[in-house]
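Remarks on the structure that follows.
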Amino acid sequence: MRRHPCRGEAGRQVTAPSARRAEVGRRIGVGLMYGLWKPRVLGAWKVPATGPAILAVNHSHNIDGPMVMGVAPRPTHFLIKKEAFIGPLDPFLLGIGQLKVDREIADRAAITDALGVLAAGGVLGIFPEGTRGEGDFASLRAGLAYFAVRSGAPIVPVAVLGSSERNSRLTKALPPLRSRVDVVFGDPFEAGDGSGRRTRQALDEATGRIQKQLSAHLGEAMRLTGRRENAGRPAGR
């Protein structure tokens with residue numbers, strides 16, 4: 001995977017996965033998501049036009065990541081569990097600038113890649129719940145706070161609604177073809193408290209602030225879209 005050097009914290013050189021490859025992934029996502037479903041996108045203009053940013057996305061269905069990749073206004077590098085990189089998907093996902101992460105350990109290679117994306121002024125996509133579930137931001141892992149506090153990048157909350165309401169009659173792994181999926185981008189916010197602290201306590205406090213912001217955005221997204229149900233229990237569960 002082609003990488004571009006950039007300067008990270010304290011002048012140390014880090015590398016960033018190619019933004020050009022992530023743009024290829026975005027274009028593929030545009031074709032697939034708009035071809036198979038009917039995305040309704042609200043607030044995409046809130047994503048900063050330049051500079052580093054973190055998209056914090058709720059996760060209740062497998063198409064949530066590709067959907068955000070396809071509708072986001074900027075190419076996005078998602079942190080994706082290593083279990084998804086199987087067979088031909090491994091070179092494909094790496095080839096479109098996505099980041100493989102081992103969730104069972106402190107994956108330093110993935111951390112370096114993610115910080116490299118932000119240091120280069122790119123967009124990092126994270127599922128802060130850590131795994132697919134209710135998609136309600138009820139339980140967050142500390143990774144999002146770590147990347148936000150360390151990089152200083154703003155967090156943009158993203159709510160994907162409707163992806164897990166019903167199964168397709170053709171395949172239970174997908175929502176019904178041509179069904180509507182809402183993607184709502186929220187206002188960017190800073191995770192840190194302005195002190196610059198990166199202690200465990202500071203990260204725990206940042207995680208608490210992040211959770212409140214993300215939960216509030218989810219509620220607002222449901223109001224805007226007219227979806228009163230929860231973000232959605234994964235179909236078939």
Side-chain angles (χ1 to χ4, degrees), residues 1-6 14-39 41 44 47 52-105 107-133 135 143 147 158 160 163-164 167-168 170-179 181 183 234-236:
M1 178 168 57
R2 184 180 179 184
R3 302 172 185 272
H4 300 292
C6 57
V14 295
T15 58
S18 168
R20 184 174 63 184
R21 292 190 175 187
E23 172 61 18
V24 172
R26 190 185 74 84
R27 294 180 182 181
I28 293 173
V30 168
L32 287 176
M33 297 303 108
Y34 283 94
L36 296 175
W37 294 284
K38 295 180 179 179
V41 184
V47 178
I54 300 173
L55 303 185
V57 186
N58 68 323
H59 194 23
S60 62
H61 198 284
N62 287 330
I63 73 160
D64 295 339
M67 181 64 68
V68 173
M69 284 179 59
V71 304
R74 296 174 59 187
T76 305
H77 305 264
F78 265 96
L79 277 168
I80 302 173
K81 62 182 181 181
K82 70 173 186 178
E83 291 82 358
F85 290 75
I86 56 174
L89 280 179
D90 183 50
F92 172 73
L93 290 173
L94 294 175
I96 59 172
Q98 305 310 296
L99 313 179
K100 182 190 301 187
V101 60
D102 186 341
R103 299 174 299 172
E104 303 302 320
I105 63 172
D107 190 336
R108 298 197 176 278
I111 292 171
T112 298
D113 282 343
L115 291 174
V117 166
L118 297 171
V123 178
L124 179 67
I126 293 181
F127 299 114
E129 296 159 293
T131 187
R132 182 164 54 93
F147 289 121
V158 185
V160 181
S163 60
S164 59
N167 291 324
S168 169
L170 297 177
T171 171
K172 291 184 178 181
L174 297 173
L177 298 182
R178 307 306 297 159
S179 62
V181 178
V183 183

Could you walk me through whether V101 and D113 pass the side-chain contact (heavy atoms from CB on, under 4.5 Å) check? CA-CA 10 Å; V101 60; D113 282 343; over 6 Å; no
Interatomic spacing from [atom1] in [X] to [atom2] in [Y] - rounded to 0.5 Å:
{"X": "K82", "Y": "R103", "atom1": "NZ", "atom2": "CZ", "result": "9.5 Å"}
{"X": "L177", "Y": "L36", "atom1": "CG", "atom2": "CG", "result": "6.0 Å"}
{"X": "L55", "Y": "T76", "atom1": "CG", "atom2": "OG1", "result": "5.0 Å"}
{"X": "R178", "Y": "Y34", "atom1": "CZ", "atom2": "OH", "result": "11.0 Å"}

Taking [X] for its side chain and [Y] for its backbone only, find out whether a donor-acceptor pair lies under 3.5 Å.
{"X": "H77", "Y": "L79", "answer": "no"}
{"X": "W37", "Y": "P176", "answer": "yes"}
{"X": "D107", "Y": "D102", "answer": "yes"}

Closest heavy-atom contact between [X] and [Y]?
{"X": "P73", "Y": "A44", "result": "CG-O, 3.5 Å"}
{"X": "L93", "Y": "A84", "result": "CD1-O, 4.0 Å"}
{"X": "E129", "Y": "V57", "result": "OE1-O, 4.5 Å"}
{"X": "I80", "Y": "F85", "result": "O-CE1, 3.5 Å"}

Under the side-chain contact (heavy atoms from CB on, under 4.5 Å) rule, what do V183 and V158 come out as? Steps first, then yes or no, please. CA-CA 7 Å; V183 183; V158 185; 3.8 Å; yes
Are the side chains of [X] and [Y] in touch, meaning some heavy atoms are under 4.5 Å apart?
{"X": "F147", "Y": "I111", "answer": "yes"}
{"X": "L174", "Y": "I63", "answer": "yes"}
{"X": "P66", "Y": "L32", "answer": "no"}
{"X": "V24", "Y": "I28", "answer": "yes"}
{"X": "Q98", "Y": "M69", "answer": "yes"}

Do the side chains of R26 and E23 get close enough for a salt bridge, i.e. N-O under 4.0 angstrom?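 Salt bridge present between R26 and E23.
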Does the distance from a Lys or Arg side-chain N to an Asp or Glu carboxylate O, for D90 and K100, drop under 4.0 Å?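 Yes, D90 and K100 are salt-bridged.
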Take atom CD in E104; do more than 12 heavy atoms of anything else shown fall under 6.0 Å from it?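 Result for CD/E104: open.
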Is the number of heavy atoms from other residues, nucleotides or ligands within 6.0 Å of CZ (R108) greater than 12?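 It does not: R108 CZ has 12 such atoms or fewer within range.
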V117 and V123: side-chain contact (heavy atoms from CB on, under 4.5 Å), yes or no, with the steps? CA-CA 7 Å; V117 166; V123 178; 5.8 Å; no
